[in-house]
Peer 1: 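Pasting a structure here, questions to come.
These numbers come from the heavy atoms of this one structure, side chains and all, not from hydrogens, waters or symmetry mates.
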Amino acid sequence: MQKRTIGPLDLAAEYELLGDDIRSVVDQVLTSQHFIGGPAIAELEAALATRVGVKHSIAVTSGTDALLCSLMALGIGAGDEVIVPTFTFFATAGAVARTGATPVFVDIDAATFNLNPAKVSQAVTSATKAIMPVHLFGQAADMDAINDIATKHKLKVVEDAAQAIGAVYKDRSVGSLGDAACLSFYPTKNLGGFGEGGMILTNNDALATRMRQLRNHGETTRYVHEFVGGNFRLDTMKAAILLVKLRHLDDFTKRRQAVADQYRQSLADMPLTLPTIAPEGNMVYHQFSILSDQRDALAAYLREQGVHTGIYYPIPLHRQKCFESLGYKVGSMPTAERVCQQILSLPCHPMLSEEDVERVASNIRTFYDRQSSKPRTGQAGATCSS
Ligand SMILES: *Cc1c(COP(=O)(O)O)cnc(C)c1O
């Protein structure tokens with residue numbers, strides 16, 4: 001019995017939908033032969049600044065470079081400490097380390113998987129310069145609590161919003177809640193481009209100027225360099241494609257939310273933990289991540305049934321080899337360490353049909369039915385043919 005694979009993404013299906021529009025803008029860029037800068041970059045920057053509700057946006061090469069450039073613009077470097085969650089994609093901490101500063105890892109909240117503000121407070125020292133909350137899986141971190149700590153200790157706040165474009169916190173968009181914020185257009189992100197890409201958002205005029213200079217080798221006026229930057233420029237063609245994709249972001253986000261709602265209904269009585277949404281905001285479901293104490297067996301069973309899941313993330317950053325010298329011990333961040341062993345992200349993307357989602361859910365129900373001696377009853381259509 002050969003069933004279609006259901007995976008974490010279906011970019012080919014998205015391209016089938018948007019291909020004509022995308023090929024048309026690509027052709028325009030090719031005809032113009034303007035590959036760097038130009039109206040598409042300015043248009044994408046303006047569109048995202050308006051959407052998020054910030055004054056400035058600076059298109060850059062990647063989400064990672066957005067983080068790096070933000071920290072450089074804030075003057076963070078050797079001898080400084082930056083507080084980051086231990087449960088995030090590597091880039092959050094990698095960017096800190098690349099400036100020469102020290103990432104200081106903090107455990108997460110068990111319900112939202114985001115920075116735990118109480119642990120942030122405990123981690124502040126005289127060397128702390130900034131906090132980098134990550135809006136993980138598409139849900140805002142507890143920004144009021146984090147901003148209060150930052151105000152009290154005169155720290156900067158850089159939001160890592162790579163997974164959360166479109167998410168809100170108390171009716172404000174993520175990306176407008178700190179001193180600067182970073183987006184990623186990596187192809188798998190909610191606003192995924194055709195290659196690498198990122199964006200910095202800020203309301204601070206001086207910071208924005210500095211970021212634009214850093215993006216272009218620190219050039220202040222033509223061939224004059226008062227400090228060292230990099231080549232952090234986004235390609236024109238990628239910006240033109242992102243403008244097409246941006247027109248579909250709201251619809252795609254709604255579709256992700258509908259998929260998530262369907263999972264919540266179908267899996268409500270299963271012995272697993274479904275994502276918790278804090279009352280302050282919403283969730284744009286970059287991932288739909290569940291916790292299961294039989295995670296590896298469940299993932300293996302689903303794979304046999306043609307359902308491919310993801311583990312974000314298997315290792316907390318304080319346990320990564322490259323940060324060994326910082327001296328964090330096993331057990332020092334118990335929540336993140338447990339979550340790394342139990343977390344499983346189910347397919348959750350705009351191209352899934354209701355039938356696809358039901359197939360994933362019914363496979364999960366079958367898995368648990370087989371675990372327990374008593375067959376489950378109750379859920380309509382809960383039986384699975386496999
Ligand atoms: C993807 C991601 C990044 C890095 O973005 P790139 O565009 O891949 O460089 C940073 N932080 C988080 C939380 C991410 O998910």
Side-chain angles (χ1 to χ4, degrees), residues 8-11 14 17-18 43-60 62-63 66-67 88-89 92 112-114 133-143 158-178 180-194 197-203 234 238-239 241-264 275-289 312 345-352:
L9 280 168
D10 192 348
L11 296 180
E14 282 186 33
L17 202 67
L18 312 183
E43 221 182 295
L44 182 68
E45 289 179 337
L48 283 167
T50 304
R51 199 192 155 85
V52 172
V54 293
K55 268 171 86 176
H56 306 284
S57 57
I58 300 100
V60 293
S62 68
L67 294 168
T88 173
F89 179 60
T92 317
T112 62
F113 311 134
N114 279 324
V134 179
H135 307 308
L136 203 70
F137 302 149
Q139 171 167 221
D142 187 354
M143 290 303 293
V158 178
E159 301 174 71
D160 183 341
Q163 302 185 359
I165 185 167
V168 295
Y169 175 84
K170 297 190 174 175
D171 297 327
R172 288 172 63 197
S173 294
V174 306
S176 67
L177 306 167
C182 301
L183 301 174
S184 166
F185 308 130
Y186 187 75
T188 64
K189 300 290 157 83
N190 287 30
L191 179 59
F194 283 24
M199 184 80 71
I200 313 173
L201 305 163
T202 182
N203 280 313
L234 181 68
K238 290 176 182 171
I241 294 168
L242 283 163
L243 279 164
V244 174
K245 293 206 77 176
L246 184 59
R247 300 205 292 263
H248 300 270
L249 180 62
D250 288 332
D251 284 343
F252 282 8
T253 300
K254 284 195 192 109
R255 191 58 213 133
R256 285 174 187 270
Q257 290 166 333
V259 167
D261 288 344
Q262 199 185 335
Y263 278 135
R264 285 182 191 284
T276 303
I277 303 184
E280 291 81 11
N282 70 346
M283 188 157 178
V284 296
Y285 293 101
H286 177 60
Q287 301 293 346
F288 187 91
S289 302
Y312 313 107
S345 296
L346 305 181
C348 183
H349 63 76
M351 298 295 120
L352 289 173

Peer 1: Pair Leu18, Ile241 - check side-chain contact (heavy atoms from CB on, under 4.5 Å), show working.
Peer 2: CA-CA 10 Å; Leu18 312 183; Ile241 294 168; over 6 Å; no
Peer 1: Looking only at non-hydrogen atoms, find the nearest pair between Leu183 and Ala66 and report the distance.
Peer 2: O-CB, 4.3 Å
Peer 1: So do the side chains of Asn282 and Gln257 get within less than 4.5 Å of each other, counting heavy atoms only?
Peer 2: yes
Peer 1: Under 3.5 Å, is there a donor-acceptor pair between the side chain of Ser57 and the main chain of Glu45?
Peer 2: yes
Peer 1: Between CG of Leu44 and CG of Leu243, what distance do you get to the nearest 0.5 Å?
Peer 2: 5.0 Å
Peer 1: Do Cys182 and Val158 make a side-chain contact, defined as non-hydrogen atoms from C-beta onward lying under 4.5 Å apart?
Peer 2: yes
Peer 1: Run Asp250 and Arg51 through side-chain contact (heavy atoms from CB on, under 4.5 Å) and show every step you take.
Peer 2: CA-CA 11 Å; Asp250 288 332; Arg51 199 192 155 85; 2.7 Å; yes
Peer 1: Could you measure the distance from the CE atom of Met143 to the CG atom of Asn114? Nearest 0.5 Å is fine.
Peer 2: 10.0 Å
Peer 1: Provide the closest heavy-atom pair for Leu67 versus Asp160 in the form atom of the first, atom of the second, distance.
Peer 2: CD1-OD2, 3.7 Å
Peer 1: Can you measure from CG (Leu242) to CE (Met199) and round to the nearest 0.5 angstrom?
Peer 2: 7.5 Å
Peer 1: Between Glu159 and Leu177, is there a donor-acceptor pair closer than 3.5 Å when you use the side chain of the first and the backbone of the second?
Peer 2: yes
Peer 1: Is a side-chain N or O of Glu280 found less than 3.5 angstrom from the main chain of Asp142, in a donor-acceptor match?
Peer 2: no
Peer 1: So do Arg264 and Pro275 actually touch side chain to side chain, heavy atoms under 4.5 Å?
Peer 2: yes
Peer 1: Would you say the side-chain atoms of Asn203 pair up with the backbone N or O of Ser176, donor to acceptor, closer than 3.5 Å?
Peer 2: no
Peer 1: Near Tyr169 OH, under 6.0 Å, is it more than 12 heavy atoms from other residues, nucleotides or ligands?
Peer 2: yes
Peer 1: So which atom in Val52 and which in Val174 form the shortest heavy-atom distance, rounded to 0.1 Å?
Peer 2: CG1-O, 3.4 Å
Peer 1: Calculate, to the nearest 0.5 Å, the distance between atoms OH and NE2 belonging to Tyr312 and His286 respectively.
Peer 2: 7.0 Å
Peer 1: Indicate yes or no: at least one non-hydrogen side-chain atom of Tyr186 is less than 4.5 angstrom from one of Ser62.
Peer 2: no
Peer 1: Looking at Arg256 and Met283, would you say the former's side chain and the latter's main chain have a donor-acceptor pair under 3.5 Å?
Peer 2: no
Peer 1: Whether the side chain of Arg255 engages the backbone of Met351 through a donor-acceptor N/O pair (distance < 3.5 Å, no angle test) should be reported.
Peer 2: no
Peer 1: Considering non-hydrogen atoms only, spot the tightest contact between Phe113 and Phe137 and give its length.
Peer 2: CD1-CE1, 3.6 Å
Peer 1: Show, in sequence, the C-alpha distance, side-chain angles and deciding distance for Tyr263 and Leu346, and conclude whether the side-chain contact (heavy atoms from CB on, under 4.5 Å) test is met.
Peer 2: CA-CA 9 Å; Tyr263 278 135; Leu346 305 181; 3.9 Å; yes
Peer 1: Heavy atoms only: give me the nearest Val168-Ala140 pair and the separation to one decimal.
Peer 2: O-CB, 4.2 Å
Peer 1: Return the minimal non-hydrogen interatomic distance between Thr188 and Leu9, and the atom names on each side.
Peer 2: CG2-CD1, 3.2 Å
Peer 1: Whether the side chain of Lys245 engages the backbone of Gly192 through a donor-acceptor N/O pair (distance < 3.5 Å, no angle test) should be reported.
Peer 2: yes
Peer 1: Is any side-chain heavy atom of Ile165 closer than 4.5 Å to one of Val284?
Peer 2: no
Peer 1: Side chains of Ser345 and Ser289 only: does a donor on one sit below 3.5 Å from an acceptor on the other?
Peer 2: yes
Peer 1: Heavy-atom distance under 4.5 Å between the side chains of Tyr285 and Ile277, does that happen here?
Peer 2: yes
Peer 1: Begin from the C-alpha positions of Val259 and His349 and carry the test side-chain contact (heavy atoms from CB on, under 4.5 Å) through to its verdict.
Peer 2: CA-CA 8 Å; Val259 167; His349 63 76; over 6 Å; no
